[in-house]
Amino acid sequence: MAAIRGLFYGAAIATRHLNDPAFVAALLQECGMIVSEWEAQWAALEPVRGKPDYTALDRLVEFAASNGLLFRGHSGIWYKRVPDWFGAINDRAEAERLMLEHVQAKFSRYRGRVQSWDVLNEAVDLRSGRPDGLRREVLLDKFGPGYIDLLFHAARAADPQALLCYNDYGVEYDTPWHAGRREAILALLRGCRSRGVPVDVFGIQAHLRIGARFNADIWARWLDEVAGLGIKLMITEIDVTDAAAPGDIAERDRQVAAEYERFLAPTLKNPALIGMLAWGLSDRYSWIVRGTEPYHKRPDGLPPRPLPLDADLKRKPAWQAMADAVIAVPKR
Ligand code: 9MR
């Protein structure tokens with residue numbers, strides 16, 4: 001359905017999900033794209049220095065290709081998922097060589113087969129107190145802010161065809177924290193553009209939650225500022241945490257659908273928005289249902305219902321809300 005409006009629609013998956021025939025059938029019916037949920041992360045690929053194993057990622061890329069799906073790589077480098085052995089390297093030149101070798105190897109391996117790569121994930125964290133809002137983590141500590149430019153130039157050289165994305169969270173809502181993150185991310189993107197750093201897309205993770213304050217006008221204006229830099233927009237990880245919703249399933253599904261609709265209406269309208277991926281297609285496989293974060297857990301202990309399909313792969317009101325939002329978009 002998204003394709004008829006010139007948008008793509010997809011979901012995050014892992015290779016273990018490919019062993020579930022009913023899920024695969026639903027995925028092929030619903031999606032035109034997949035993204036690697038975690039198996040493209042450096043720590044997953046090369047837990048032992050010098051012994052990378054691309055078997056799982058190869059399987060995902062091959063699954064996409066053999067089923068006519070677009071493939072999205074997530075991610076190039078994410079501070080949370082660099083291998084432990086990398087953090088222990090104190091020689092800056094050696095660490096930089098190894099980081100760039102990893103990006104070059106991973107991106108060139110799938111050259112021409114990846115629609116977009118999250119070259120860098122979640123580099124902003126206001127708690128650092130830095131004027132630029134960059135997160136204090138292993139990459140900034142080793143290389144300073146210049147690592148961002150290094151990564152994107154290496155990515156472009158390794159796969160000139162892939163759209164290169166900077167991916168981050170915590171921009172969607174109307175709070176001082178979100179506003180501060182929007183300001184820091186816009187400054188990061190503006191700086192990249194001014195230095196000729198090849199950032200093609202900003203990835204809006206869009207991990208939404210019921211009960212958060214949202215201002216569509218503030219959000220739409222910020223999207224216009226990002227797009228005004230010549231940067232495309234992509235919803236990369238959308239889902240809805242329903243911990244604040246009542247236990248009744250019909251009411252909970254209604255509120256989840258309303259949250260999708262409230263966010264998607266102004267977001268999909270932006271002409272720079274090229275597509276949307278959910279962080280999972282079905283509640284059967286969601287990080288929120290696994291309770292990865294404390295705020296995912298519902299007070300009543302009931303399993304969350306964050307995604308377009310329920311655990312039995314049945315479409316929910318959330319699915320209809322996403323479909324209605326896409327249909328409302330003028331054809332690109
Ligand atoms: O959902 C993902 C989970 O299965 C992985 O174990 C984890 C670490 O790789 O990453 C989760 O996905 C995160 C994504 O990579 C970046 N945005 C936040 C997502 C949820 O933590």
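In this chain, numbering begins with 1 at the start of the sequence shown. As the structure is a computational prediction, the values presented were derived from the model and not from experiment. Ligands are counted one by one from 1 in listed order, and the atoms in each one are counted from 1 as well.
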Only residue of R130, R136, R135 satisfying salt bridge (Lys or Arg N to Asp or Glu O under 4.0 Å) with D132 is R130
Test your reading of the structure: does W279 have an N or O sitting under 3.5 Å from an N or O of ligand 1? yes
Any heavy atom of K80 sitting closer than 4.0 Å to ligand 1? no
Using a strict cut-off of 4.0 Å, indicate which atoms of ligand 1 neighbour a heavy atom of Q41. 15 (O)
Atom indices of ligand 1, in the order listed, that fall short of 4.0 Å to a heavy atom of E122: 16 (C), 17 (N), 18 (C)
Is the shortest N/O to N/O distance between E237 and ligand 1 below 3.5 Å? yes
Numbered atoms and elements of ligand 1 in range of W38, under 4.0 angstrom, heavy atoms: 4 (O), 5 (C), 9 (O)
Min side-chain heavy-atom separation V326-Y9 under 4.5 Å: no
Mind checking whether Y166 and V138 sit in one hydrophobic cluster, side chains of I, L, V, M, F, W, Y counted as touching below 4.5 Å? yes
Does even one non-hydrogen atom of E293 get within less than 4.0 Å of ligand 1? no
Do K316 and D310 pass the salt bridge (Lys or Arg N to Asp or Glu O under 4.0 Å) test, and can you show the C-alpha distance, the side-chain angles, and the key distance before you say yes or no? CA-CA 7 Å; K316 294 154 60 181; D310 69 15; over 6 Å; no
Does at least one non-hydrogen atom of N121 fall below 4.0 angstrom from an atom of ligand 1? yes
Considering heavy atoms of the protein only, find what lies nearest to atom 14 (C) of ligand 1 and give residue, atom and distance to 0.1 Å. H74 NE2, 3.3 Å
Okay, side chain of W222, backbone of R182: is any donor-acceptor separation there less than 3.5 Å? yes
What is the nearest protein non-hydrogen atom to atom 7 (C) of ligand 1, stated with its residue, atom name and distance? W78 CZ3, 4.4 Å
Could you point out which residue of K232, R193, R156 forms a salt bridge (Lys or Arg N to Asp or Glu O under 4.0 Å) with D200? R156
Answer side chain, backbone, both or neither: which part of R290 comes under 4.0 Å from ligand 1, heavy atoms only. side chain
Just distances here: any N/O of E37 and N/O of ligand 1 closer than 3.5 Å? yes
Is it the case that R181 places NZ or CZ above or below the six-membered ring of Y173, under 6.0 angstrom from the centre and within 45 degrees of the axis? no
Examine distances only and state if a side-chain atom of E39 and a backbone atom of T15 form a donor-acceptor pair shorter than 3.5 Å. yes
Contact between Y169 and ligand 1, counting heavy atoms under 4.0 Å? no
Within 45° of the ring axis of F23 and under 6.0 Å from its six-membered ring centre, is that where the NZ or CZ of R284 lies? no
